Trainee: 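The following block contains the structure, expressed as structure tokens.
Counting convention: from 1, in listed order, for ligands and their atoms alike. Just the heavy atoms: all of them, side chains too, but no hydrogens, waters or symmetry mates, feed the values below. This is a predicted model, so every value here is computed, not measured.
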Amino acid sequence: MSDALAVIRRSLEEQLAELRGVPASELPPALLDVTVRRIELAGGDAFALLPRDWEQLRHEEGGAGRPVPYWARLWPSGLALATALAGSPPAAGARVLELGCGLGLPSVVAGRAGARVLATDGAVDAVVFSAHAMALNEVLADVAQVDWSAHGDALAARGPWDLVLAADVLYTAQNVEAALRLLPRLVGPSGEIRLADPGRAGARDFVAAARATFHVESEASGEITLHRLRPRHG
Ligand SMILES: C[S@@+](CC[C@H](N)C(=O)[O-])C[C@H]1O[C@@H](n2cnc3c(N)ncnc32)[C@H](O)[C@@H]1O
């Protein structure tokens with residue numbers, strides 16, 4: 001392990017133990033066995049920080065009765081959204097919110113463009129990894145643990161956001177219903193929502209229902225569909 005990775009690992013260990021409220025010795029070993037992946041993007045490469053062996057992490061978390069660590073992979077939707085954003089980034093100073101950020105790659109790209117970013121996820125581990133991803137990419141951004149299906153009011157109160165990002169989060173009926181209620185409250189009349197999805201039924205239901213409130217433009221990028229939603233007026 002390089003010196004830099006050893007420093008990152010120690011910092012992760014400290015923060016994960018504190019936020020989980022457990023001694024470092026109780027953290028799953030696969031959570032701290034991390035790697036950095038270089039992602040080629042328009043405007044410059046970005047770096048993702050992630051557990052090296054997701055299956056092993058899932059196994060260890062499952063053995064401890066903890067949920068599947070969906071946050072801990074670089075999902076194709078997150079990559080597609082980051083790639084699309086790198087091609088058409090938000091304006092410097094734009095207020096950007098990411099929901100279900102996982103490892104935080106789209107937020108890194110938005111932050112690199114000079115946007116003021118809040119990256120959120122319901123999983124505390126995701127928030128810790130995203131904070132480290134920002135540092136690794138020399139991006140200034142805020143991160144917060146937020147389950148938006150339960151605590152959307154707090155996000156709406158900090159709005160309106162110029163841009164809301166979400167990649168592959170519409171995989172439960174609860175999330176679809178919450179998104180339909182919450183997203184219109186997050187953006188102002190000139191705001192925009194950018195979603196990436198791998199063709200899940202939940203996302204299809206969401207987009208069909210969201211057309212009542214938003215103009216929706218959808219574009220395929222390989223197996224991922226990118227949706228841009230803008231509020232209808234009047
Ligand atoms: C399939 S992963 C996608 C992660 C990342 N966006 C990507 O595409 O690589 C789904 C992510 O959404 C988060 N998530 C799902 N439902 C959520 C909710 N209601 N509130 C906050 N985060 C949520 C999970 O913790 C996980 O990080």
Trainee: Taking the side chain as every heavy atom from C-beta outward, state whether Pro67 and Glu61 have any atom pair closer than 4.5 Å.
Mentor: no
Trainee: Measure the acute angle between the ring planes of Trp54 and Trp75, then classify it against the limits of 30° and 60° as parallel, tilted or perpendicular.
Mentor: perpendicular
Trainee: Rounded to the nearest 0.5 Å, what's the gap from CZ on Arg10 to CD on Glu13? Could you check?
Mentor: 9.0 Å
Trainee: With atoms numbered from 1 as shown, which atoms in ligand 1 lie under 4.0 angstrom from a non-hydrogen atom of Gly78?
Mentor: 7 (C), 8 (O), 9 (O)
Trainee: Find all atoms of ligand 1 within a distance of less than 4.0 Å from any non-hydrogen atom belonging to Arg73, and give their numbers and elements.
Mentor: 9 (O)
Trainee: Closer than 4.0 Å to some heavy atom of Gly122 - which atoms of ligand 1 meet that?
Mentor: 21 (C), 22 (N)
Trainee: Heavy atoms only: which of Trp148, Tyr171, Trp75 lies closest to atom 23 (C) of ligand 1?
Mentor: Trp148
Trainee: Please list the nearest protein heavy atom to atom 24 (C) of ligand 1 with its residue and the distance rounded to 0.1 Å.
Mentor: Asp121 OD1, 3.6 Å
Trainee: Residues two or more places apart in sequence or in another chain: which of them pass side chain to side chain donor-acceptor pair (under 3.5 Å) with Ser149?
Mentor: Asp147
Trainee: Could you state the interatomic distance from CG (Asp33) to CG (Leu50), rounded to the nearest 0.5 Å?
Mentor: 10.0 Å
Trainee: Contact between Val146 and ligand 1, counting heavy atoms under 4.0 Å?
Mentor: yes
Trainee: Taking only heavy atoms of Gly102 into account, list the atoms of ligand 1 that are under 4.0 Å away from them.
Mentor: 4 (C), 27 (O)
Trainee: What atoms in ligand 1 come closer than 4.0 Å to a heavy atom of Tyr70?
Mentor: 2 (S)
Trainee: Are Arg204 and Asp197 ion-paired here, with the side-chain N under 4.0 Å from a carboxylate O?
Mentor: no
Trainee: For ligand 1, which atoms, with element, lie under 4.0 Å from some heavy atom of Val169?
Mentor: 12 (O)
Trainee: What is the nearest protein non-hydrogen atom to atom 16 (N) of ligand 1, stated with its residue, atom name and distance?
Mentor: Asn175 ND2, 2.9 Å
Trainee: Using a plain distance cutoff, I'd like to know if Gly100 has any nitrogen or oxygen under 3.5 Å from a nitrogen or oxygen of ligand 1.
Mentor: yes
Trainee: Can you sort out which atoms of ligand 1 are near Asp168, meaning under 4.0 Å from one of its heavy atoms?
Mentor: 1 (C), 2 (S), 3 (C), 10 (C)
Trainee: Please could you name the atoms of ligand 1 that Asp147 approaches to less than 4.0 Å, counting only its heavy atoms?
Mentor: 18 (C), 19 (N), 20 (N), 21 (C)
Trainee: Is there any ring-ring contact (aromatic ring centres under 6.0 Å, His included) pair reaching into residues 119-146, and which pairs are they, with sequence neighbours excluded?
Mentor: Trp71-Phe129
Trainee: What distance do Asp53 atom CG and Leu31 atom CG have between them, rounded to the nearest 0.5 Å?
Mentor: 12.5 Å
Trainee: Just heavy atoms, cut-off under 4.0 Å: does Ala167 contact ligand 1 by side chain, backbone, both, or neither?
Mentor: both
Trainee: Under the salt bridge (charged side-chain N to carboxylate O under 4.0 Å, His left out) criterion, do Arg230 and Glu217 qualify, and how do the steps go?
Mentor: CA-CA 9 Å; Arg230 296 188 182 86; Glu217 286 171 32; 3.1 Å; yes
